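Per chain, numbering begins at 1; letters A, B, ... match sequence-line order. Just so it is clear, the structure is predicted and the values come from calculations on it, not from any experiment.
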Amino acid sequence: MRIADLAARTRRQLSAWLLAMALAPAAFAAGVDPDLLAALAGDDSQARLEAVARLGQQAEPAAADVLEALNEDRLYATADGRVLIDTGGGGARDAASGQELAAMPGDASSVTINNRLRRAIGAALAGSRLFSPDPAVRLAAAQRLSGGADAALLPTLEKALADERHPAVRQALQVAAAKLQLQSDDPQVRRRAAQLLGETRDAAFRPVLAAMLAQDGQGAYAEPDAGVREAAQAALRAIDRHLATIEWSGNLFYGISLGSVLLLAALGLAITFGLMGVINMAHGELLMIGAYATYVVQGLFRAWAPAWLDWYVIAALPVAFVATALVGMALERTVIRWLYGRPLETLLATWGISLILMQAVRSLFGAQNVEVSNPAWMSGGLSVLGGGLVLTYNRLAIIVFALLVVFFVWLLLNHTRLGLFVRAITQNRRMADCVGVPTGRVDMLAFGLGSGIAGLAGVALSQLGNVGPDLGRGYLVDSFMVVVLGGVGQLAGTVVAALGLGGVNKFLEPYAGAVMAKIAILVLIVLFVQKRPQGLFAPRGRSVE
Amino acid sequence: MNRRLVLKQLTAATLLAASGWMPQAMAAEDTIKVGILHSLSGTMAISETSLKDVALMTIEEINASGGVMGKKLEPVVVDPASNWPLFAEKARQLISQDKVAVVFGCWTSVSRKSVLPVFKELNGLLFYPVQYEGEELEKNVFYTGAAPNQQAIPAVEYLMSEDGGGAKRFVLLGTDYVYPRTTNKILRAFLHSKGVKDEDIQEVYTPFGHSDYQTIVANIKKFATGGRTAVVSTINGDSNVPFYKELGNAGLKATDVPVVAFSVGEEELRGVDTKPLVGHLAAWNYFQSIKNPVNTAFIDKWKAYAKAKGLPNADTVVTNDPMEATYIGIHMWKQAVEQAKTTDVDKVIEAVGGQSFESPSGFTVTMDKTNHHLHKPVYIGEIRADGQFNVVWKTKGPIRAQPWSPFIPGNEGKQDL
């Protein structure tokens with residue numbers, strides 16, 4: 001007999017046997033059938049899938065425990081065939097006997113799973129989770145089942161529905177049941193189900209509804225009943241209308257979000273370039289230093305205050321501000337001060353500085369990107385419009401943060417002595433000097449302020465993308481674009497330009513693609529600056545002197 | 001202390017520091033010079049720096065075991081700074097000025113294309129260690145990375161299989177340059193041959209350094225409502241981080257829409273928070289998590305080397321596919337030189353074909369006699385929470401490279417190469 005035949009026969013025997021075991025009354029009160037566990041820890045993916053399905057059908061909590069552990073990579077198998085659950089803190093429990101062990105044996109290796117098993121586990125657990133005491137767990141399970149449940153689960157769903165009091169869970173259960181009821185023999189039930197699916201306006205149901213309206217070669221519809229077809233048609237229309245709303249509001253949110261990122265990146269430059277007239281090519285590297293400061297603070301929190309790790313981003317803000325402000329002030333004092341009024345030399349010198357800063361970071365932290373993780377409260381997103389649109393928390397936080405920073409800068413420039421001096425020097429340096437404004441010191445502080453704000457932006461950027469020595473390069477051109485478009489020397493211009501660019505980009509992208517959208521934006525800016533070289537808002541500053 | 005003295009001291013200190021990068025000058029008589037051409041600054045430094053270090057480690061290892069034909073190897077490290085024309089210039093310098101016997105280097109296809117004319121003109125020898133799009137075969141180059149049929153095609157086959165999720169619709173997402181464009185052209189033809197229609201394939205490109213993936217992720221989500229969808233990502237190097245972050249935050253899980261990436265390995269995942277990525281896939285010819293004695297020795301050697309040389313973040317270093325390919329390349333060249341008993345380029349080229357080497361991937365890999373590519377095994381791995389990969393699928397043994405993909409029209413006559 002060939003090996004393949006043998007394997008197939010063993011598998012058949014195994015599945016028949018597994019079935020018999022599952023139907024047998026629960027003989028193992030404390031634990032789980034060891035043979036199911038052996039199949040689970042084995043190599044045959046078909047047998048593993050069956051074992052997962054069988055475990056899902058068992059009512060005992062121990063079976064669900066095993067599946068949960070498997071799903072979370074906490075299931076271990078030893079060389080002598082025992083299957084253990086990692087109970088945390090170094091302890092373990094034998095899944096078959098329920099016996100507690102003080103420590104995980106050294107030879108235990110993790111039972112690995114792939115996406116197919118992960119899906120199977122989710123489906124297997126969903127049935128039992130429908131009866132969990134926690135409404136959130138029930139809701140997740142019901143939503144999972146609406147994605148595609150086995151027709152065999154319909155009685156379970158109906159049973160859960162009868163007991164369910166929580167409105168959100170009830171609705172999710174009804175939807176999950178409706179999807180299965182589309183296959184019902186009763187046209188009345190099918191019609192009601194189609195209507196219900198249409199009311200959810202969830203695009204995930206579009207394919208099943210569209211399939212009902214499909215015609216075969218003879219022109220016969222897949223759905224025989226005209227009334228049901230009409231209901232499906234109406235449901236499809238509702239879903240499509242909803243999709244259009246989602247798309248439009250999605251673009252709006254993405255535009256504002258991209259705009260707020262551009263705004264943050266450009267705000268520091270709006271001060272150093274806009275108000276002071278320094279073409280600062282090292283601006284991107286100041287962003288990078290801010291991001292690396294975040295990384296360092298995260299490392300310190302991990303080492304010294306792991307309990308507060310989620311709030312490291314807040315602590316990183318002042319650190320990044322001070323660090324980049326100091327670097328900026330040092331640059332101003334040592335290099336830029338000697339080059340005021342010589343834009344070409346400033347450009348070359350700051351370009352050189354940007355290379356030096358990048359290589360310095362490379363030598364200090366290595367050329368590889370470093371890991372900056374989102375704190376828990378910035379991970380995930382807020383589902384709106386019936387789950388059609390996810391507003392991610394990190395982007396929401398950055399929009400709010402950008403507004404706060406703009407407010408802070410506005411306050412500083414318009415309501416403090418330093419701001420007054422900066423504006424005075426911008427308008428007329430000589431006159432300000434004559435009336436006793438310490439122009440040298442104010443220049444240094446203003447440059448420090450611009451750099452510090454770049455540092456704050458670096459903290460925000462570290463939450464979106466990668467943190468590496470090249471982080472700043474990508475934002476330099478965008479920042480200059482925003483400041484030039486907004487009008488040099490204008491805070492309001494910067495805000496309008498950043499949000500405008502973000503919005504235009506995001507509304508163009510779905511039609512033109514990311515590459516063409518970027519090119520189109522550049523062309524638009526070139527045309528705009530031809531027509532209006534002073535930018536959106538007319539400048540009042542050194543540039544008119 | 002006057003300013004000039006300070007300046008002098010600074011210069012001296014800088015020079016001293018710089019000389020640390022350079023190989024120590026040895027007596028030229030009894031050494032063989034080998035060139036290492038990897039970017040140590042600029043955008044590609046993130047990927048290429050570790051290849052330079054692995055090459056130096058391998059050379060040290062060979063020297064410790066007696067060198068090649070009794071002579072020590074002398075590495076000549078140059079930095080082409082992620083600047084493509086500079087690659088050609090540095091290659092010329094290595095061959096005609098430093099008179100190196102062989103060059104190990106390049107990462108991006110464009111840098112390889114830039115040095116090709118130099119190697120042809122001066123009859124140099126290049127070992128190229130990175131997976132690429134194929135459509136090339138040069139006498140002076142040996143390719144130790146994967147051709148498309150050794151990475152991209154098996155990965156898509158896996159996605160279509162039941163274990164991979166049985167994907168029916170595909171988003172081909174890449175950075176806009178030659179490698180993703182060519183790979184996607186091959187994949188589209190391959191998908192057609194499997195009966196996937198054009199409306200079920202979506203090709204999306206982003207500019208280099210793209211960091212705002214909101215629209216693209218929303219688009220993938222919408223596309224996925226039409227049936228089981230998988231994403232094939234040829235996004236370059238570090239643009240992957242914002243993409244995966246957006247994907248995770250938007251709630252698209254690997255169980256719903258798996259993403260298989262061809263440029264994401266252990267090294268790239270070091271800079272990422274891997275929690276939201278668990279279950280996404282990568283296809284390579286080697287993973288650090290592969291268990292065999294050769295690989296264990298390779299990893300230990302690399303870790304010890306990183307510690308001894310004080311490389312940045314030495315306690316968290318990882319190995320990856322191009323590093324393994326570099327390691328194989330240097331050893332194959334050594335074997336070929338010993339077989340040819342000379343470093344003469346033409347004789348070595350003849351000897352490299354047919355060399356085999358027991359590689360950390362767990363198989364003995366062989367250099368093809370005619371097409372200058374390695375016969376390599378293919379692995380597909382799922383990302384684990386610790387930034388390593390679980391191998392979920394692998395080929396039974398090494399497979400032969402097809403540098404001229406049969407899925408591109410006009411290549412029919414080149415299949416025997």
For the OG atom of Ser211(B) and the CG atom of Leu461(A), what is their distance to the nearest 0.5 Å? 8.0 Å

Separation between OH (Tyr158(B)) and CG (Asn114(A)), nearest 0.5 Å, reads 5.0 Å

Partner set under side-chain hydrogen bond (donor to acceptor under 3.5 Å, both in side chains) for Gln202(B), not counting sequence neighbours: none

Would you name the heavy atoms of [X] and [Y] that are closest together and state the gap between them?
{"X": "Glu509(A)", "Y": "Ile216(B)", "result": "OE2-CG1, 3.8 Å"}
{"X": "Asp163(B)", "Y": "Arg116(A)", "result": "OD1-NH1, 2.9 Å"}
{"X": "Leu40(B)", "Y": "Gln359(A)", "result": "O-NE2, 4.1 Å"}
{"X": "Ala250(B)", "Y": "Thr392(A)", "result": "N-CG2, 3.9 Å"}

At a 4.5 Å cut-off on heavy atoms, which part of [X] comes close to chain A: side chain, backbone, both, or neither?
{"X": "Asn390(B)", "value": "side chain"}
{"X": "Glu162(B)", "value": "both"}
{"X": "Lys222(B)", "value": "side chain"}
{"X": "Val204(B)", "value": "neither"}
{"X": "Thr49(B)", "value": "side chain"}

Apply the test side-chain contact (heavy atoms from CB on, under 4.5 Å) to residues Arg395(A) and Glu246(B): give CA-CA distance (whole Å), side-chain angles for both, the deciding distance (0.1 Å), then the verdict. CA-CA 10 Å; Arg395(A) 293 204 176 261; Glu246(B) 196 68 49; 2.9 Å; yes

Quick check for you: among Val392(B), Thr225(B), Thr215(B), which has the greatest number of heavy-atom pairs under 4.5 Å with chain A? Thr215(B)

Output yes when a side-chain donor or acceptor of Glu382(B) lies under 3.5 Å from a complementary backbone atom of Asn115(A), and no otherwise. yes

Do you know which of Ala210(A), Gly250(A), Gly366(A), Gly465(A) has the most heavy-atom pairs under 4.5 Å to chain B? Gly465(A)

Out of Leu464(A), Ile113(A), Ile519(A), return the one with the most heavy atom pairs under 4.5 angstrom to chain B.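 Heavy-atom pairs under 4.5 Å are most numerous for Leu464(A).
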
Heavy-atom distance under 4.5 Å to chain B: side chain of Glu247(A), backbone, both or neither? side chain

Which residues satisfy the side chain to side chain contact (heavy atoms under 4.5 Å, CB included) test with Ser379(A), sequence neighbours excluded?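 Checked Ser379(A) against side chain to side chain contact (heavy atoms under 4.5 Å, CB included); matches are Asn374(A), Asn249(B).
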
Go through His210(B) and Lys518(A) one step at a time and tell me if the side-chain contact (heavy atoms from CB on, under 4.5 Å) criterion holds. CA-CA 10 Å; His210(B) 193 64; Lys518(A) 185 121 198 168; 5.9 Å; no

Using the side-chain contact (heavy atoms from CB on, under 4.5 Å) rule, take Val390(A) and Lys221(B) through it: C-alpha gap first, then chi angles, then the decisive distance, then the call. CA-CA 11 Å; Val390(A) 177; Lys221(B) 213 169 166 182; 3.1 Å; yes

Check Asp256(B) with Arg119(A), please: is the shortest side-chain N to carboxylate O separation under 4.0 Å?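 No salt bridge links Arg119(A) with Asp256(B).
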
